[in-house]
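Notes follow once the structure below has been shown.
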Amino acid sequence: MNPTAEKLKNKLQQALEVAFGKDFAGVDPMLVPASNPKFGDYQSNAPLSLTKKLGQAPRAIAEQIVQHLEVNDICQPPSVAGPGFINLTLKPEYLEAQLNAILGDARLGIALTKNPQRVVVDFSSPNIAKEMHVGHLRSTIIGDSIARILEFQGEDVLRLNHVGDWGTQFGMLIAYLREAYPAALTTQDALDLGDLVALYRKAKQRFDEDEAFQETARQEVVKLQAGAEDSRRAWQLLCEQSRREFEIIYDLLDVKLTERGESFYNPLLPSVVEDLEQLGLLVEDAGAKCVFLEGFSNKQGEPLPLIVKKTDGGYNYATTDLAAIRYRIQQDGANRVLYVTDAGQASHFAQVFQVARRAGWIPDNVEVVHVPFGLVQGEGGKKLKTRSGETVRLRDLLDEAIVRFRAYLEADLKEKGREETEQFKAHVAEVVGISAVKYADLSQNRTSNYVFSYDKMLAPLGNTAPYMLYAYVRIQGISRKGDIDFEQLGSDAKILLHEETELALAKHLLQLGEVLGEVEQDLLPNRLCQYLFELSQKFNQFYDKCPVLQADEPQRTSRLVLCDLTARTLKLGLSLLGIPVLERM
Ligand code: ARG
């Protein structure tokens, strides 16, 4: 809750107590943002809920609360409305003081959390020897933004890349490479990821068709797991090759991750199974070791098992996640563990969480959350494919956004008769192209599917990255035009709010902290996008109505400060989405 709402809540609570006695000390004043800005900024709905308890009409209750409500320094005189709401409108003087207070603060008045939590964000997590796909892109973008927001709030965040770098597929791949491409197993850079992916496909085909090969592949896994020197080295080379390719994407996106792949947990897998056995949770079913789940059943209504050790003795994805959850809570000291993956993995996580909980590995004060997201679709809601029908490579997808914005930029510069250097154009195109992809993803409610459209995400108008970035540039343009150094406006600059649009902008500026608090809870970055979009709109309305450079003092300085605060809020908010601003574009 923002400090203003908090203050009002306390005042309402005091008034309730004075009006109706000690019994009403803890009553929730039910303070919410006004349903309609016409009625003010906040409203208390408490009178309606107290009618039974007090045996009075809601309006009468509201009147008595208002009589004892001491909010003179914050609000205009409160009014009772409708069936019995209390409407509260913030005073301009109060808003002016609040804005003045945040002016000199790099965090724009947003306090750091008082008790930092250790939060693990498990995101991105592509698989070795496979191409990183759009699902991983979503996870990377959403996970990074959530991590940035939590870090800004002061949480102690561990960004983990749970790379799929272990498992039976390596046996198959190594076995295949040994016969088809031995150099790849001993030489660095013999293959790039594209080749590796193609070879992986061939290996899989071979595996499915040839029984003898299956046996070779299995032996290869055993050798790898037993730590045979040359198998290990081959595995490492394969991982490095993929990793280099992933790094290119992370660099382009400016995303930092700590790699801790599935292989890390390999030594811990036997004890997961042993401990489940000790706890009496383990059942042997057709040779496999499993835990029967509560609330999950097959079509026949029989309970479903979560297999933790396969008939062939191998462990699987779930076993690794069980080991990981334990490690993150016990060794990393996590209070909150977030898993950012596609919604298709919801039941996997529900099952893993259930087993871990029943095993007593998730203490009550630890929260584990699957943070699901929907699909990225091509035009028409189909699977995203290239024109020739292949899956889209992430690098190509990002490059295309850059190329397209570059074309728009060139045309725009030409139209305006502006000359810019190659370096300028390349930089602007890259920042806007990448930002557009990120913003398009983040501005949707993550749980829904969305259609990937360059035209939409690169549009200079609308809820898009270019729109936000232009808004920022426009404000910097004001300072350039007026030859004003925003930083020199200083803390003695007085803010004066008279016009409707000034007040609306001021109120919105003061709400960033509240929005971030919400995102920290519900992990929906689209709320921040929406906030920033509305901020740009409110700024534009203000800028349309109120002259800035042409205004007389003291209005002029006050309005310049509003411009500066808007720019700084945009910059901060966008940075939490992983989007850098440009001074010119
Ligand atoms: N590698 C997995 C995939 O590509 C995602 C891993 C997510 N994290 C986890 N702890 N299971 O689908």
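Side-chain atoms are counted along with the backbone in the values below, which use heavy atoms only and exclude waters and symmetry mates. Please read all numbers here as calculations on a predicted model, not as lab measurements.
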Should we count [atom1] of [X] as having more than 12 external heavy atoms under 6.0 Å?
X    : atom1 : answer
E415 : CD    : no
E553 : CD    : yes
K571 : NZ    : no

Report task. Name the orientation class of the two ring planes belonging to Y470 and Y408 (parallel below 30°, tilted from 30 to 60°, perpendicular beyond 60°). Result ->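 Ring orientation, 0 to 90° scale: perpendicular.
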
Query raised in the report: Parallel, tilted or perpendicular: which describes the rings of F349 and Y339, with under 30° parallel and over 60° perpendicular?
Result: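 Geometry flag for Y339 against F349: tilted rings.
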
Okay, side chain of [X], backbone of [Y]: is any donor-acceptor separation there less than 3.5 Å?
X    : Y    : result
Q64  : A60  : yes
D342 : G344 : yes
R584 : Q476 : no
H133 : P126 : no
S139 : S124 : yes

Query - Intermediate values then yes/no, side-chain hydrogen bond (donor to acceptor under 3.5 Å, both in side chains), Q537 and Q541 - result: CA-CA 6 Å; Q537 288 176 320; Q541 283 153 9; 6.0 Å; no

Ion pair [X]/[Y], N-O distance below 4.0 Å:
X    : Y    : answer
D332 : R260 : yes
R336 : E155 : no
D483 : K481 : no
K545 : E500 : no
D73  : K11  : no
R159 : D144 : yes

Report task. Mind running side-chain hydrogen bond (donor to acceptor under 3.5 Å, both in side chains) on N45 and Q43 for me, showing each step along the way? Result -> CA-CA 6 Å; N45 297 336; Q43 67 187 56; 3.0 Å; yes

Query raised in the report: Do the ring centers of F539 and F542 come within less than 6.0 Å of each other?
Result: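 Yes, they do, as the ring centres are separated by less than 6.0 Å.
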
**Report entry** Evaluation steps, side-chain hydrogen bond (donor to acceptor under 3.5 Å, both in side chains), between N445 and T447
**Finding:** CA-CA 6 Å; N445 181 312; T447 56; 2.6 Å; yes

For the [atom1] atom of [X] and the [atom2] atom of [Y], what is their distance to the nearest 0.5 Å?
X    : Y    : atom1 : atom2 : value
Q153 : Q117 : CD    : CD    : 11.5 Å
E420 : K425 : CD    : NZ    : 8.0 Å
H162 : R328 : NE2   : CZ    : 6.0 Å
L570 : L532 : CG    : CG    : 6.0 Å
L497 : Q555 : CG    : CD    : 10.0 Å
L95  : L90  : CG    : CG    : 5.0 Å

Query raised in the report: Does R559 make a cation-pi contact with Y543, if we ask for NZ or CZ under 6.0 Å from the ring centre and within 45° of the axis?
Result: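 No, R559 does not lie over the aromatic ring of Y543.
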
Requested in this report: Would you kindly check if the NZ (Lys) or CZ (Arg) of K53 is within the cone defined by 45 degrees around the ring axis of F24 and under 6.0 Å from the six-membered ring centre?
Outcome: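 Judged by the rule, K53 and F24 form a cation-pi pair.
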
Query raised in the report: Checking side-chain hydrogen bond (donor to acceptor under 3.5 Å, both in side chains) for the pair Y42/T4: CA distance, chi angles, key distance, verdict?
Result: CA-CA 10 Å; Y42 292 97; T4 301; 5.6 Å; no

